[in-house]
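In what follows, chains carry the letters A, B, and so on, assigned in the order in which the sequence lines appear, proteins first and then strands, with residues in each chain numbered from 1. Just so we're clear, the structure is a prediction, and the values are computed from it rather than from any experiment.
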Amino acid sequence: MANIDVGLLADLEARGLVAQMTGDRALESYLAEGSRTLYCGFDPTADSLHIGSLVPLLTLKRFQLAGHKPLALVGGATGLIGDPSFKSAERKLNTPDVVATWVDKLKAQVGAFIDFECGDASAEVVNNLDWTANMDVLTFLRDVGKHFSVNNMINKESVKQRIDREGAGISFTEFTYMLLQSYDFAELYKRNQCTLQIGGSDQWGNITGGVDLTRRLHGGQVFGLTLPLVTKSDGTKFGKTESGTIWLDANKTSPYAFYQFWLNTADADVYKFLRYFTFLSVAEIADIEAADVAAQGRPQAQGVLAREVTRLVHGDSGLAAAQRITEALFAGDTAGLSESDLDQLAQDGLPSSALVLDGQPLTQLLADAGMAPSGKQVKDALQRNAVEVNKVTVGLEQNMAAAEVFAQSNALFNKYFLVKLGKKKYHLFTC
RNA sequence: GCAGGGGUUCCCGAGUGGCCAAAGGGAUCAGACUGUAAAUCUGACGCGAAAGCUUCGAUGGUUCGAAUCCAUCCCCCUGCACCA
């Protein structure tokens, strides 16, 4: 007898989180009438999810908060095949043991977002390998394959470019992906009374496939709902920075880098992202926006966004670490940092490394430390006095004098060098 | 298989014997301005601190000298044919 929040779908729509859904408005009343079980799949294509998966993950949580039961499916089987949806080229297959280790990591990661101990609406993590691993080909072809029309599959928008374009092609393996995912839905309907699948809008074809198959196999009516693809106002791809993908795993993207990513959100995107990525109410977000418009200068929205999302993903301690570094580097006086502060910065995930001096120029030293992709860029920065070592500006003329610049006597507390390149890049050297 | 077009530095795209590390645009990095924004302006943008070194699908060749010419090979695109 969970409390069902009948306004869930309306809230999702207000947040701009509904891209498409099946069955007109039937889903709305269906959800309002009782606690339902829904699922969303996450394929193990890497050892961590990235922020692109955050929208469906948080949406699962939104359903749970509204009294529904979420199943997080980790695609131990589908991950072995590869989803061709909107992909421009065939991908290489990962080995079963690699996928298996990724499955374990994703299970843990996904689990952090949903509640497993809340009565009827408790979440579960499932793996589609459990019901596909032992299925034989003939059974699959007769029981599942028979329900799919190749004619329809070919016409799906998601594989169109692979069908039409010469040279890109699609293997039978990837073409079959949709059958596997559809079967998942039917199976979860049978096993868990799961009647709703959510996913990114690129999953629409796969989801409707599952809706159809469930009806054909079990005569059940199930629903699908897709979430929008996250886009940025400037047209660049969401979730990438110069330094690469923003991962959810703290070991791949530190809480500090994660926090900085959100803090740097463009004004044009930030309120939308607040609606997508936080649990603040639509009204609260509107208030923030109104306040920002009224106040001249720096908006507060980015700070709120960074705080909220970092807490969701990395918890209070991760957020605290990210904020400590941010405060120290961007707000406070770095010269005033204590020895334990510096210790903490390295611990908190500020890029750091041991100082190795063997006569190399600064350009190479800093490039090797990862502060720039090539010495050329360090040189450019040196030329423009954009490099600081322990608050002292270093110029190009000192390029060959790394030993003096990094002389032990210049070290903070006899062991630290805090190097700044440009306005945002910091690196801590220890000697 | 035949005919035609093409593979250039992260991407797009000029360049058809020396003046080419290779136009232009985008992306990116840095500076100014700012809010660790946006827009704009400036600089950098194969690697190297420099001397210099390595690139223009691959391999050989012609030449004092090749991204540019020749040969072979690989890949892509467009027609046609073949197969049906």
* Structure fact -> Heavy-atom nearest nucleotide on RNA chain B taken for Tyr259(A) and for Ala372(A); more 5' hit belongs to Ala372(A)
* Asked: Which comes earlier along RNA chain B counting from the 5' end, the contact point of Gln302(A) or that of Thr363(A), where each point is its nearest nucleotide?
  -> Gln302(A)
* Any donor-acceptor pair under 3.5 Å linking the side chain of Asn94(A) with the backbone of Val99(A)? -> no
Are [X] and [Y] close enough for a salt bridge, meaning some N to O gap below 4.0 Å?
X	Y	answer
Arg324(A)	Glu327(A)	no
Arg15(A)	Asp11(A)	yes
Lys105(A)	Asp249(A)	no

Separation of [N] [atom2] from [X] [atom1] (nearest whole Å):
X	N	atom1	atom2	answer
Met400(A)	G48(B)	CE	C1'	11 Å
Leu366(A)	A49(B)	CG	P	11 Å
Phe261(A)	A37(B)	CZ	P	15 Å

* Does a side-chain N or O from Lys379(A) land closer than 4.0 Å to OP1 or OP2 of A50(B), or not? ->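 Indeed, a polar side-chain atom of Lys379(A) lies that close.
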* Examine U36(B): is either OP1 or OP2 under 4.0 Å from a nitrogen or oxygen in the side chain of Arg298(A)? Give yes or no. =>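 So the side-chain polar atoms of Arg298(A) do come within 4.0 Å of the phosphate oxygens OP1 or OP2 of U36(B), strictly under.
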Candidate nucleotides [options], ranked by approach to the side chain of [X] - the nearest:
X	options	result
Gln364(A)	U36(B), A49(B), C45(B)	A49(B)
Asn399(A)	A44(B), A49(B), G35(B)	A49(B)
Lys424(A)	U36(B), A49(B), A30(B)	U36(B)
Ser374(A)	U36(B), G48(B), A30(B)	G48(B)

* Asked: Between the side-chain atoms of Asp267(A) and the base atoms of G35(B), is any donor-acceptor pair under 3.5 Å?
  ->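 Checked by distance alone, the answer is yes.
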* May I ask you to verify whether the side chain of Lys423(A) and the base of U34(B) hold a donor-acceptor pair under 3.5 Å? => yes
Mind checking [X] for me? I need base, sugar-phosphate or nothing, with any heavy atom below 4.0 Å counting as a touch.
X	answer
Gln360(A)	nothing
Lys376(A)	base
Pro299(A)	base

Who is the Watson-Crick or G-U wobble partner of [N], with both distances under 3.5 Å?
N	result
U72(B)	A58(B)
C29(B)	G43(B)
G48(B)	none

